[in-house]
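Okay, structure first, notes after.
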Amino acid sequence: MKGERLFSYIMAAASLLFLIGSLLIVPFDELTASSSGGYPIFISVLCLGLSMAIAVGKRPRADEAGEPESVFDSVIIAFMIMLVLYVVGILYIHYVAATLLFLFAGVFYLKRDNWRRAALISYISTFMILLIFKYAFSVIMP
């Protein structure tokens, strides 16, 4: 798939940064599976491992027409811009609002669907993320 390898490198770098941040949540000698840093560390390591597995995986370097693989197609560039805006949004507006806007933009852009359906999907997804991570896993949300 176009841009898959580049995206996996970006995800590996982001996972590494999140892993370092997760390790700073709780002192290492107090770290347990149920501590507040345990789950973010687990997810960061999992994302790092999976993104590196995708990056080193063997796949053909040309598309069906025999042309070299293009990394920068419009969908990838749009999502990179959305991800940057999402991170900035987390810093300047609340996490929930930034997540809601990011998911709405992503669903609406990819599905080219009704904006009401995209809003409903993003609202339910944001609610479930908050419910699961904040209340079920006791993850400290930004």
Side-chain angles (χ1 to χ4, degrees), residues 1-64 67-142:
M1 175 177 271
K2 292 181 179 178
E4 185 176 326
R5 185 165 285 166
L6 175 65
F7 188 73
S8 65
Y9 289 140
I10 293 169
M11 287 303 299
S15 299
L16 189 61
L17 288 174
F18 289 135
L19 177 61
I20 292 168
S22 300
L23 290 170
L24 297 175
I25 292 175
V26 178
F28 196 71
D29 57 339
E30 298 175 15
L31 185 64
T32 64
S34 62
S35 67
S36 58
Y39 190 73
I41 290 171
F42 171 73
I43 294 298
S44 299
V45 168
L46 183 67
C47 288
L48 181 63
L50 291 174
S51 60
M52 290 311 298
I54 291 170
V56 299
K58 302 289 186 217
R59 65 185 121 334
R61 297 296 300 162
D63 63 6
E64 295 80 30
E67 296 294 321
E69 181 178 286
S70 173
V71 173
F72 296 106
D73 74 357
S74 62
V75 175
I76 293 170
I77 291 173
F79 264 90
M80 287 179 149
I81 291 169
M82 282 191 251
L83 282 171
V84 169
L85 291 174
Y86 176 58
V87 171
V88 171
I90 288 174
L91 295 174
Y92 290 105
I93 61 176
H94 196 269
Y95 168 78
V96 174
T99 303
L100 189 63
L101 290 171
F102 173 72
L103 290 175
F104 173 77
V107 170
F108 187 72
Y109 179 73
L110 284 179
K111 300 223 15 132
R112 309 260 191 230
D113 202 2
N114 184 346
W115 68 269
R116 287 183 181 102
R117 182 179 293 169
L120 181 64
I121 291 169
S122 61
Y123 180 78
I124 291 171
S125 299
T126 303
F127 178 74
M128 294 305 295
I129 290 168
L130 203 64
L131 186 70
I132 291 169
F133 286 96
K134 186 172 184 175
Y135 298 110
F137 295 126
S138 301
V139 174
I140 300 170
M141 302 302 269

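Computed from a predicted structure; not experimentally measured.
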Given side chains that start at C-beta, do those of [X] and [Y] come closer than 4.5 Å, heavy atoms only?
| X | Y | value |
| --- | --- | --- |
| Ile10 | Met80 | yes |
| Ile43 | Phe137 | no |
| Leu85 | Leu101 | no |
| Leu103 | Ile129 | yes |

I need the [X] [atom1] to [Y] [atom2] distance, nearest 0.5 Å.
| X | Y | atom1 | atom2 | result |
| --- | --- | --- | --- | --- |
| Leu23 | Phe18 | CG | CZ | 13.5 Å |
| Ser125 | Leu120 | OG | CG | 9.0 Å |
| Asn114 | Ile121 | CG | CD1 | 10.0 Å |
| Tyr95 | Lys134 | OH | NZ | 10.5 Å |
| Phe108 | Arg117 | CZ | CZ | 12.0 Å |
| Leu83 | Met11 | CG | CE | 8.0 Å |

* Heavy atoms of other groups near Tyr109 OH, more than 12 under 6.0 Å ->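 Yes, because the 6.0 Å sphere around OH of Tyr109 holds more than 12 heavy atoms from other groups.
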
Identify the two heavy atoms, one from [X] and one from [Y], that lie closest to each other, and give their separation to 0.1 Å.
| X | Y | result |
| --- | --- | --- |
| Gly106 | Met82 | N-SD, 3.9 Å |
| Ser122 | Phe104 | CB-N, 3.4 Å |
| Ser8 | Ile54 | CB-CG2, 3.8 Å |
| Ser22 | Ser44 | OG-OG, 3.6 Å |

* Verify the distance criterion only: is there a donor paired with an acceptor across the side chains of Tyr86 and Thr99 at less than 3.5 Å? =>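 Tyr86 vs Thr99: donor-acceptor pair found between side chains.
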
